[in-house]
Amino acid sequence: NAAAAAAAARGASGGFYAVAVTSGILAALASVFAKLASNTSPVSGGIVYATLCSALVPVPLGGAASPCAADGPADALAAYYQVATVVRLAFIGCVLLANAAMWKSFTRALSLAPASIHVTILNSAANMVVTGLSGLMLFGEPVKMQWWLGASLVVAGSILMGQEDSANEEANKKKTD
């Protein structure tokens, strides 16, 4: 089949690697944007909202605690919550854009790869790494060694399954040739 041979030639060149990894990064970013859109609290909403609140709400004189540090009274945070609502809407838009771009790159990688499992493995691995790093850097979430070990085992298992699928695919190709 000429179409299968062309797809195999494209996949053999490895052009799908970068596109598959990009799709995984975009998937992780969509999740990050969703998390940023879901919690606008200056205390628990992450570094973005804490920074935004600190920039918009003046620190009281006399050593009193900042309203941002304790999710202060609504009147002290009124301007913050107005701006935070606009920022939240922007993050929702970013979720939609990141998901659309992820699906476009994922389907492009599928069309370039010799087997869909290769794209799935790269997408998942990139997604897990970016998710872990984002949780750590943006939200201050502890990412323990257990998490990294578990993510590595998931990727390793996917690779093993992918090798079996590739071997089956090659055997089926030989039968049809």
Side-chain angles (χ1 to χ4, degrees), residues 15-113 118-158:
F16 71 94
Y17 291 115
V19 183
V21 169
T22 299
S23 71
I25 292 169
L26 288 166
L29 288 177
S31 297
V32 168
F33 290 137
K35 186 165 183 167
L36 287 168
S38 69
N39 183 359
T40 59
S41 166
V43 176
S44 61
I47 191 170
V48 172
Y49 292 108
T51 303
L52 181 64
C53 191
S54 297
L56 293 173
V57 179
V59 177
L61 298 174
S66 167
C68 296
D71 237 352
D75 59 333
L77 298 175
Y80 162 76
Y81 279 113
Q82 288 175 348
V83 174
T85 299
V86 173
V87 170
R88 174 184 262 183
L89 291 172
F91 283 136
I92 290 170
C94 289
V95 169
L96 297 173
L97 289 173
N99 272 316
M102 183 279 297
W103 279 111
K104 182 167 178 51
S105 61
F106 186 74
T107 55
R108 175 75 177 137
L110 287 172
S111 72
L112 294 172
H118 300 131
V119 175
T120 303
I121 293 167
L122 290 169
N123 175 291
S124 299
N127 189 333
M128 283 190 247
V129 169
V130 172
T131 298
L133 293 175
S134 297
L136 181 68
M137 292 187 289
L138 292 175
F139 303 107
E141 296 172 350
V143 184
K144 298 179 180 179
M145 190 55 71
Q146 288 173 307
W147 187 92
W148 290 108
L149 180 62
S152 299
L153 289 173
V154 168
V155 171
S158 297

To the nearest 0.5 Å, what is the distance between [atom1] on [X] and [atom2] on [Y]?
X	Y	atom1	atom2	value
T22	K104	OG1	NZ	13.0 Å
L153	Q146	CG	CD	11.5 Å
N99	F106	CG	CZ	12.5 Å
T120	L110	OG1	CG	6.5 Å

Please step through side-chain contact (heavy atoms from CB on, under 4.5 Å) for the pair F16 and L122, ending with a clear verdict.
CA-CA 10 Å; F16 71 94; L122 290 169; 3.8 Å; yes
Taking all non-hydrogen atoms of both residues, which atom of [X] and which atom of [Y] are closest, and how far apart?
X	Y	value
F91	A37	CB-CB, 3.8 Å
N39	S41	OD1-N, 3.0 Å
A79	L56	O-CD1, 4.3 Å
V119	A109	CG2-O, 3.5 Å

Min side-chain heavy-atom separation [X]-[Y] under 4.5 Å:
X	Y	answer
R88	Y49	yes
M128	V155	yes
C53	L77	yes
S105	L26	yes

side-chain contact (heavy atoms from CB on, under 4.5 Å), that's the test. Do L97 and F33 meet it? Break it down for me.
CA-CA 10 Å; L97 289 173; F33 290 137; over 6 Å; no
Please check if the side chain of S111 supplies one atom and the backbone of R108 the other of a donor-acceptor pair under 3.5 Å.
yes
Side chain of N127, backbone of N123: donor and acceptor closer than 3.5 Å?
no
Over 12 non-hydrogen atoms of neighbours within 6.0 angstrom of CH2 in W103
no
Just do the side-chain contact (heavy atoms from CB on, under 4.5 Å) check on L36 and F139 with the steps written out, would you?
CA-CA 9 Å; L36 287 168; F139 303 107; 3.5 Å; yes
